[in-house]
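Source: prediction; values computed, not measured. In what follows, every chain begins at residue 1, and chains take the letters A, B, ... in the order their sequences are listed. Heavy atoms only: backbone and side chains are in, while hydrogens, waters and symmetry mates are out.
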Amino acid sequence: MKFSIYRFNPDVDKKPYMQDYDVVLEDSDQMLLDALLRIKDLDDTLSLRKSCREGVCGSDSMNINGKNGLACITKLSDLEEPVVLRPMPGLPVIRDLVVDMTQFFENYNSVKPYMVNNDPPPETERLQSPEDRAKLDGLYECILCGACTTSCPSFWWNPDKFVGPAGLMQAYRFMVDSRDQAMDERLENLEAPDRLYRCHNIMNCVEVCPKKLNPSAAIAKIKDLKFEQAREHKNQAKKHIEIKSV
Amino acid sequence: MLIELLTKRYPGMRAWLTQRLSGLVMAIYSVLAVGRFLVLQPTYYEAWVDFFKPWWWRLASLLFWISLSIHVWLGIRDVFKDYVPNANLRAILVKLLLVLLWLYMAWATWLLLG
């Protein structure tokens, strides 16, 4: 099977180049990651990230024939030859297919992706009704592979300002968590013009998500919550005026 | 509530919502314009003058132009943010755009109400 792979070693190369490989695969090689490991047997200078090899860790996300995805769950039989592999776009390349995800995780951390609950911890656990738990479906499954965020043009142009689809989906995941108490702060945190509203519904994120999640829908729901927040603020202000007048 | 979201308290939502509301105004005007065009079918100069004669239509046209200007302002400003990384050049372009939009606005006002 033929491959064309992006190569760049900053210690040696002045600029990146594409290297061709023609590899004989075995019957057991079903996924792209299998083929990459076969190539690595032939040329151990090729660098890539990998870990769980079953679409759970999100390490081996890369640009496969022009579309971001996970090598470990991409079937070789679905790929056109030569398979063109590049690092995920929009992030600095460390070497070959390995990118520096610092910016991605900075943006992710900026939405406080953890539960904020100031009540004293209960003896056992913070309970949720099955209905409230169901609200997290389609959100908590994100493996932070970065495929969505690095295929988003809004992130390419404003990586330091726009949070990106992965971070925004995790922001929404905690906003709708019935155990979380920081809804207002979370919404305020996304109010700067470029953090949330740079999303122009291009939908690349939805197209590439290897877990079939929908960050675009989550972003739209954050805007709905914004409307609800404004309604609440207005009601509170009204009550305040009424109390004052009494 | 919409007015609350258009205040300085919500800078991001204000721009986003303004762009949607201006888009809505333009969409409604466009439907009305096509409808009037099909009914009145202005094919010569005097017919076009009659087309724009009613005061309410001139007012609607002005509202359309205001919405268009706001929509363009927000949209092109975003495009500059994306594609013009040099802050000084971007500031110049944004100012030029603003001047151009105000000139067009004055021209449209003069044409419609003058």
Task: For the student: nearest non-hydrogen atoms of A:M101 and A:G146, plus distance - done: CE-CA, 4.1 Å
Open item on the list: Counting only non-hydrogen atoms closer than 4.5 Å, does A:R195 touch chain B with its backbone (N, CA, C, O), its side chain (CB onward), both, or neither?
Closed with: neither
TODO: Indicate, with yes or no, if the rings of A:F162 and A:W156 have centres closer together than 6.0 Å.
DONE: no
Task: chain A contacts, top residue of B:A15, B:G12, B:P11, B:P85 (heavy-atom pairs, under 4.5 Å) - done: B:G12
TODO: Using the side chain to side chain contact (heavy atoms under 4.5 Å, CB included) rule, pick out the option among A:N68, A:L97, A:V93 that qualifies with A:M88.
DONE: A:N68
Task: A:K223 portion near chain B, given a 4.5 angstrom heavy-atom threshold - done: both
Task: Polar side chain donor-acceptor pair, A:T149 to A:N107, under 3.5 angstrom - done: no
